[in-house]
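Keep in mind that this is a model prediction, so the values were computed, not measured. No hydrogens, no waters, no symmetry mates; every other heavy atom, side chains included, goes into these values.
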Amino acid sequence: GPRAVADLDAGRFEPTCPRCGADLAPGLVGEDAPADPRNVYATTKLAQEHLAAAWARTTGATAVSLRYHNVYGPRMPRDTPYAGVASFFRSALARGEAPRVFEDGRQRRDFVHVRDVAAANVAALESARPPEGALSAYNTGSGEPHTVGEMAVALSAAHGGPEPVVTGEYRLGDVRHITADSARLRTDLGWRPRVGFAAGMREFARDGLRGD
C-alpha cells in the first residue's frame, strides 16, 4: 500500500509488510497484478487502457497496450517533468549541475532504451498472433532493474561529472520500486531488448537532448 508520510519524513523509504511489519523484497510485477495507481500520471495511463478496451469491444476490433517503463535515450526532451528521471539527470549534467537523487537512491526502476521500445512497437504492429480479448497489455522493460542511484552514477561518470547528490527528499506519489516482468512480450511477440544498461547510459551521456 501507500507509504506513510511519517515514515518518509523519518527517512524510512522501504515499504514493510502491513501485517507483521517485516521488510519486503522487491520483485518483478506481471501484467495481471492488480492495478493501483498512486498519482495522476499513473491514473491517466490506466484510463487510456480502459478507453482503448471499451473502443475495441464496441467496434469488434482489438487493441494493444505497451506499458513502457523508464524509457531513455538520444533526443529526449530536456528540462521537462514528463520525460522521466533519466532526462532530469541528463539535463542537469548539461547545465553543469549534479543530478539530484531523491530518497536514498536505492529505489529500483527498469530503464529501457528508446530503440528497444521502438522495436517493441514494431513487433506489436506486425504481430500475426491472434488477440486474446479486446485489449492485450504488455510490460515493456529491459528486465534488468537498476537503482536510481546506480543510473545517476553511471550517467555522471560517462558524462564526466559532476557526481550525483543524494538529497533524502521525496515525492509522496512515488512508488518505491517499479520493475516489470516483460516475459509475456518476449514470448508472445518474440521481442528482445538489445541495448544493455552500461552501453545505453554511455550513449545517452554523449548524445544531445531535444531542445539543445
Side-chain angles (χ1 to χ4, degrees), residues 26-33 35 37 41-42 44-53 55-56 61-78 80-91 107-148 150-152 154-155 158-159 175 177-212:
L28 300 181
V29 178
E31 292 89 347
D32 296 328
Y41 177 77
T44 59
K45 288 288 191 183
L46 184 60
Q48 290 170 22
E49 284 196 0
H50 290 326
L51 289 168
W55 168 83
T62 58
V64 174
S65 172
L66 296 180
R67 296 174 175 176
Y68 303 158
H69 279 252
N70 285 67
V71 183
Y72 74 95
R75 303 295 293 163
M76 287 191 80
R78 69 177 301 162
T80 170
Y82 303 107
V85 67
S87 178
F88 269 175
F89 291 172
R90 180 65 180 80
S91 296
Q107 58 270 43
R108 289 162 35 117
R109 297 291 186 269
D110 188 326
F111 299 101
V112 58
H113 196 276
V114 65
R115 285 199 297 273
D116 287 330
V117 170
N121 280 268
V122 172
L125 288 167
E126 295 183 345
S127 173
R129 178 183 174 85
E132 297 179 4
L135 182 138
S136 299
Y138 293 104
N139 290 332
T140 309
S142 71
E144 297 181 0
H146 291 271
T147 68
V148 172
E150 286 175 329
M151 188 271 288
L155 196 56
H159 190 270
V175 178
H177 304 294
I178 308 174
T179 52
D181 183 350
S182 299
R184 179 183 293 177
L185 180 59
R186 297 173 187 235
T187 300
D188 287 4
L189 304 186
W191 172 84
R192 295 287 186 278
R194 304 296 182 187
V195 182
F197 176 80
M201 288 297 161
R202 285 194 299 269
E203 178 192 18
F204 184 40
R206 293 191 299 266
D207 283 317
L209 297 167
R210 197 163 72 238
D212 280 347

Nearest heavy-atom neighbours spanning [X] and [Y]:
X: Ala158; Y: Ala205; value: CB-CB, 3.5 Å
X: Val195; Y: Gly200; value: CG1-CA, 3.7 Å
X: Thr179; Y: Gly27; value: OG1-O, 3.0 Å
X: Asp116; Y: Trp191; value: O-NE1, 2.9 Å
X: Glu49; Y: Ser65; value: OE2-OG, 2.7 Å
X: Ala56; Y: Ala134; value: CB-O, 3.5 Å

Are Phe111 and His69 an aromatic pair by the rule of ring centers under 6.0 Å?
-> no
Enter the distance from Tyr138:OH to Arg67:CZ here, rounded to the nearest 0.5 Å.
-> 11.5 Å
What distance separates Ser87 OG from Arg75 CZ, expressed to the nearest 0.5 Å?
-> 12.0 Å
Just so I know, are the side chains of [X] and [Y] near enough to count as touching, which here means a heavy-atom distance under 4.5 Å?
X: Tyr72; Y: Val114; result: no
X: Glu203; Y: Pro74; result: yes
X: Val29; Y: Asp181; result: no
X: Met76; Y: Arg90; result: no

For the pair Met151 and Met201, evaluate side-chain contact (heavy atoms from CB on, under 4.5 Å) and give the outcome as yes or no after the intermediate values.
-> CA-CA 8 Å; Met151 188 271 288; Met201 288 297 161; 3.2 Å; yes
Does the pair Leu46 and His50 meet the rule for a side-chain contact (heavy atoms from CB on, under 4.5 Å), with working shown?
-> CA-CA 6 Å; Leu46 184 60; His50 290 326; 3.7 Å; yes
Ignoring hydrogens and angles, tell me if any N or O in the side chain of [X] forms a donor-acceptor pair with the backbone of [Y] under 3.5 Å.
X: Thr140; Y: Leu66; value: no
X: Ser127; Y: Ala124; value: no
X: Ser136; Y: Val64; value: no

Side-chain ion pair, Arg184 and Asp32, N-O less than 4.0 Å = yes
For Arg109 and Glu150, what are the C-alpha separation, side-chain angles and deciding distance, and is it a salt bridge (charged side-chain N to carboxylate O under 4.0 Å, His left out)?
-> CA-CA 10 Å; Arg109 297 291 186 269; Glu150 286 175 329; over 6 Å; no
Residue among Asn139, Asp110, Asn121 satisfying side-chain hydrogen bond (donor to acceptor under 3.5 Å, both in side chains) with Tyr68 | Asn121
List the steps, then state whether side-chain contact (heavy atoms from CB on, under 4.5 Å) holds for Arg194 with Arg115.
-> CA-CA 8 Å; Arg194 304 296 182 187; Arg115 285 199 297 273; over 6 Å; no
Neighbour count >12 (heavy atoms, 6.0 Å) for atom CD, Gln48 = yes
Trace of the side-chain contact (heavy atoms from CB on, under 4.5 Å) decision for Val112 with Asn70 = CA-CA 6 Å; Val112 58; Asn70 285 67; 6.0 Å; no
